[in-house]
Amino acid sequence: MEATLAPSLPDEHHAAPTGLWRWLTTTNHKDIGTLYFWFAATMFLIGGLMAMLIRAELFQPGLQLVQPEVFNQLTTLHGLIMIFGVIMPAFTAFANWQVPLMIGAPDMAFPRMNNWSFWLLPVAGMFLVGSLFLPGGAVAGGWTMYPPLFMQGGISYDLTIFAIHIMGASSIMGSINIATTILNMRAPGMTLMKMPLFVWTWLITAFLLIAVMPVLAGAVTMLLADRNFGTHFFDAAGGGDPVMFQHVFWFFGHPEVYILILPAFGIISSVIPTFSRKPLFGYASMVYATASIAILSFLVWGHHMFTVGMPAAAQLYFMYATLLIAVPTGVKVFNWVATMWRGSLTFETAMLFAVAFVCLFTIGGFSGLVLAMVPVDIQLQDTYYVVAHFHYVLVTGALFSIYAGIYYWLPKWTGHMVNETWGRWHFWLSAISVNVLFFPMHFLGLAGMPRRIPDYALQFADFNRVASLGGFVFGASQILLLIVILKCIRGGVKAEARAWEGAEGLEWTVPSPAPYHTFVVPPEVK
Amino acid sequence: MNPNGPSAEPLEAAPNVAPASRRPCGPDQMDEAGETPALHARLGYGRSGMSAAGNQRTSRWLVVLALAMFAFGFALVPLYDVFCDITGLNRDAAQALANNTQVDASRKVRIELVANVRDEALWRFAAPSQPVDVHPGELVQVEYELENLTNRPLIGRAVPSYAPLAAAAHFKKIDCFCFREQRLAPYETVRLPVLFVLDRGVARDMKVVTLSYTFFALGKRT
Amino acid sequence: MRLGRRQVVMACWLGWIQPAAADWALNLPAPKSDIAARIYDIHTLILLVCLGIFVVVFGAMFYALFKHRKSVGHEAHHFHEHTTVEVIWTVIPLLILVGMAWPATRAVLDQKDTTNPDLTIKVTGYQWKWEYDYLQDGVKFISASSTPADQIANKVAKGAHYLLEVDEPMVVPVGKKVRILLTSHDVIHAWWVSELGVKQDAIPGFIRDTWFRANEIGTYRGQCAELCGRGHAFMPIVVEVKSEADYQTWLAAKQAGKQAKAVAAVAAVSKTYSAEELKASGEKIYAANCAACHQADGKGLPGVFPALAGSKVANGPAAAHIDRVLHGKDGTAMSAFQDQLDDADLAAVITWERTAWGNKGSPVQPADVKAQRK
């Protein structure tokens, strides 16, 4: 591959650091992608263990394992860790590894800032997890941090705000880097409308992040000021309004939901065409759908707060705007199905996860539609139905897409093919148990079980037991993924440059594993 | 992380490329934008502005966007009020008396008066025990009662709230104790008047409206 | 029979008849108000529409998954655009959405229509109990969970209404429009009774209103639906819907009881109780009002709620202890109990706190409490 051969560069012969120092100082997009990936994996383990503890407590009515205040800390940290510590870093890992490879750039636009963006994260992660061991325990007011409840906490609440600031700074820096890379560093001939859809979704995600992470930073800064500096942004006593926080928070929070799912759309749009051996159906409409979802996401935040007592006109507006999002989302699902239609399908593990994503994410979309209906939402707001909804979207949606992406690009990253037998076991165990885990939660919510409770009435016992059993199996199945990845790193069938028969795109023109420096001479895209 | 650990191994085993130990872009030699892009510009990655300078320009715009959105986060607080003003959803609607104050004698609206107090240890705060029936457009005065239960002077303030929310736009308050801080001497009891007009624009089917005040202590909590 | 039809629909799509017991319940509870019934119908409608779309779209997908595989020798067709199809599958969902939004819009407007109530009840959320104030009838009481701590701790068998039972339920007449005025004393709570189709957040400093009209006499149970701290799971709501006559009887008894209680309270103040009498009733009052924070063993929760066992206040002068319970402590979760408990109850609970768990404080008589009321 002549494109990847480095010409004699002036500074090439330079003693590079080794050991820990190498990873601390690396500016290579592939190294940093790997770091993001292992960070997400570590946090996934921690957040996952918390989820196991939550499901164990909910296995039967009564208080068995943890007291209510510890339970609230677990649910709060589980949410914060999974969103900010797992899904977002995992997608950033994909962006770091894949975006330069897919657009034919040698690295990210700002390699040193890239290093910074990453190394801020473990610090924030340690603050979050470490706050568990402070007096009074970790933050317990829910990941949404609503005041005035959030005012009642101790030092760990301030530490959590600090951690969110750091994670926000990391995300903003990362997004500026990714957006600049995509806008400025594409290989000659790689026009915007020739970019792989994954790159498109990340470009739009980067803009969403740059737009809303600062708003979150503003919201938590106001909380911090209310807690420590005597301001009254959200305190009725000083002329503030606690509901105002919810408005500001969800102005961030709803685009955040799409930050957590748009890159997933991108990954799925890479995987499905490969294993269908067909180009993606409706590429242009996919791009437009992604952009319109992003724009609409700024206009619907109120649907998270239908029960705060907003006027009917506001409820109706937010309901219609929310329903509108179903249209571009539907277009995406139809396009994926049309891509598979009359293809030549094979079902490697990556494809299995992608197909499960399309199916199960759609279930999450449907329950979203149900929740968008104001009258129904009045019944279901803050119940397990909502828990079921966002876990379908985030676990069988975002997380499954990450799995699909891992299985799809591992050969490119490690140089070895994935062990499909282990992969299939991982897939089938996960796909079945995740439904046993989350599907009954719809019934629990409909029957009237509120969310965020450590103990429940007897009529909810049966489905909780089922969900907990599913949860334990799902949790244990993820160990298989770790085994698959470690096996793949250590050895296995050698991967070709084009690891998959139907794979298209620049990343498959470089050898597997991808060399440390790629596209030092830009490839020509026709 | 161990560089010889699993994740690093395949990278170094890669054929056909400069080994990892000879990386050209160690941080020590990089300019602000990093060296690789600059190198790129030389090597001819060149659609418009694909250079270190181009990267700088793009990122500057994005930083400005991020800062603007941070400011916007704070601005949402006042903006929300402006939005409520425009759409008439505001809780504290125009306090001026409507110019055209004709009384609509054909109907009556029942005003329920409610009092809440946050710090029961400090205050007793009571609403008139009976609701008042008013004609839209009519000038009405009601009195709340506030008592300092402690042996020290207190400062506090009442925050109004209306139900249904749509009624808020039609409450025109000429004078209200909620406009001011209240200072009470030890054990003092005061009567707090509210003078208001429920304007004639209030919907015909709105027959019961609740006016509520919540009293809060101000200043450093003791 | 509305309900019958609904259950048939349910049975069809799930393939089995819903069991009569609430266990394994798959759907919203049987609605007991018109709004709840309409919500039920809207939900069923959307569910069926979604199910239809799911079957069509994923029917096509699974057809492709089976027929268009490489292993059965299917060759890929390289089409990747079709404008007409793309326009169709943008427009059709749009039309379906409009069809679904229509009934929902009408329901929203009715849900928000709090005009012309027959009765207004002000509901205040506290951490972690509810207060009901019948504004026009001068009746006001606190309603707290009555599930014994031993059941929660799995020491004894759980009752039928575990976590869904209260000491004093809210009582309303059947068929009357009841307007609920909601506010909160501390943090945001949400008042929710599924069978009546109402849920509304209670926001400190502001009031919000909602309404319901119960169609059937009965007891309906709900829970706080907004995370409000450690007791969030333990602040149930019970609404007893009675006939108009029974409601009036209840109201009259409540008003008479209020007077009788006031008389009894006056009598109690002049009486001197033995330490054993005080401790016996104090233990119960403590369990109902104090144990949620300070814990049944008096040890509190380190860093969150202070311990009473061995505390300076409980072992020190009685006056300071009475003052703390009567007036609360500013800036903490310790609220003032002067309006929540009468002198006799306060004396009992304070005596319990001062003598339980090895504490060596002096007992307190109702007269002592009365003397410190301001």
Side-chain angles (χ1 to χ4, degrees), chain A residues 61-63 68-69 72 135-136 142 146 148-149 152 154 236 242-243 277-282 285 307-309 312 315-316 320 323 326-327 330-331 334 337 340-346 359 366 369-370 373-376 378-379 381-382 443 446-448 450 452-455 457-459 462, chain C residues 22-28 39 42-43 46 50 57-58 60-61 64 68-70 74-78 80-81 86 89-90 93-94 97 101 104-105 107-109 111-112 152-154 158 162-164 187-188 190 194 199-201 203-205 208 223 225-230 232-233 303-304:
Chain A
L63 294 179
E69 66 279 359
N72 288 348
Y146 283 1
L149 185 60
Q152 291 182 346
V243 176
R277 292 166 182 76
K278 254 184 74 191
L280 183 68
F281 185 89
S285 67
T307 60
V308 299
Q315 287 189 334
L316 290 174
Y320 300 147
L323 289 176
V327 175
V331 166
F334 300 143
V337 173
M340 289 184 249
W341 188 253
R342 302 182 75 188
S344 180
L345 300 170
T346 53
C359 220
F366 282 145
L369 215 53
V370 172
M373 296 289 170
V374 177
V376 184
I378 296 291
Q379 287 283 33
Q381 159 91 3
D382 267 320
F443 303 137
L446 285 165
R452 294 167 164 169
I453 56 172
D455 192 5
L458 300 181
Q459 69 260 37
D462 302 315
Chain C
D23 299 39
W24 300 108
L26 299 172
N27 204 344
L28 292 162
I39 293 172
I42 293 170
H43 175 253
I46 305 169
C50 288
V57 173
F58 292 99
M61 187 179 88
H68 302 158
R69 343 170 130 227
K70 197 183 177 198
H74 196 270
E75 296 274 332
H77 292 62
H78 284 269
H80 59 87
E81 255 172 356
E86 290 176 58
W89 69 39
T90 307
L94 207 58
L97 290 174
T105 300
V108 170
L109 294 176
Q111 251 174 343
K112 278 283 169 189
I152 297 170
N154 302 311
K158 295 178 178 23
Y162 178 68
L163 296 189
L164 295 177
V187 302
I188 300 176
S194 183
K199 183 186 285 147
Q200 172 61 53
D201 288 0
I203 296 159
R208 294 285 193 268
Q223 285 183 267
E226 180 67 56
L227 179 62
C228 55
R230 81 177 300 277
H232 171 48
V304 190

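Chain letters run A, B, ... following the sequence lines, proteins first, then strands; residues in each count from 1. Quick caveat, the model's predicted, so the values are computed rather than measured.
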Donor-acceptor contact present, side-chain K199(C) to main-chain Q379(A), <3.5 Å: yes
Flag side-chain contact, heavy atom, 4.5 Å: L26(C) against L446(A): no
Main-chain N/O of G229(C) paired with N72(A) side-chain donor or acceptor, under 3.5 Å: yes
side-chain contact (heavy atoms from CB on, under 4.5 Å) between H68(C) and S344(A), worked out: CA-CA 6 Å; H68(C) 302 158; S344(A) 180; over 6 Å; no
pair H74(C)-R342(A): side-chain heavy atoms closer than 4.5 Å: yes
Shortest non-hydrogen contact between L97(C) and A326(A), atoms and distance: CD1-CB, 4.0 Å
Structural part of L316(A) lying under 4.5 Å from a heavy atom of chain C: side chain
Contacting region of Y146(A) [heavy-atom separation from chain C under 4.5 Å]: side chain
Which atoms of I188(C) approach chain A - backbone, side chain, both or neither, heavy atom under 4.5 Å: both
Interchain contact, L164(C) with chain A, by part (heavy-atom threshold 4.5 Å): side chain
Criterion side chain to side chain donor-acceptor pair (under 3.5 Å) on E86(C) and S285(A), from CA distance to verdict: CA-CA 8 Å; E86(C) 290 176 58; S285(A) 67; 2.9 Å; yes
E226(C) versus chain A, the contacting section by heavy-atom distance below 4.5 Å: both
Heavy-atom proximity to chain A below 4.5 Å, by part of Y162(C): both
Chain A contacts, top residue of H77(C), R69(C), H43(C), M61(C) (heavy-atom pairs, under 4.5 Å): H77(C)
Region of C228(C) in contact with chain A, defined by heavy-atom distances below 4.5 Å: backbone
Residue part contacting chain A, namely of L163(C), when any heavy atom lies under 4.5 Å: side chain
Minimum-distance pair of heavy atoms, taken over all atoms of D455(A) and I152(C): OD2-CG2, 3.7 Å
Options I42(C), N154(C), T90(C), ranked by heavy-atom pairs under 4.5 Å with chain A, top entry: N154(C)
Rounded distance [0.5 Å steps], CD in Q381(A) versus CD in Q200(C): 10.5 Å
Any donor-acceptor pair under 3.5 Å from D201(C) side chain to G309(A) backbone: no
Closest non-hydrogen atom pair, A236(A) against G205(C): CB-CA, 3.8 Å
K112(C), part contacting chain A, at a heavy-atom distance under 4.5 Å: side chain
Toward chain A, the part of A225(C) with a non-hydrogen atom under 4.5 Å: both
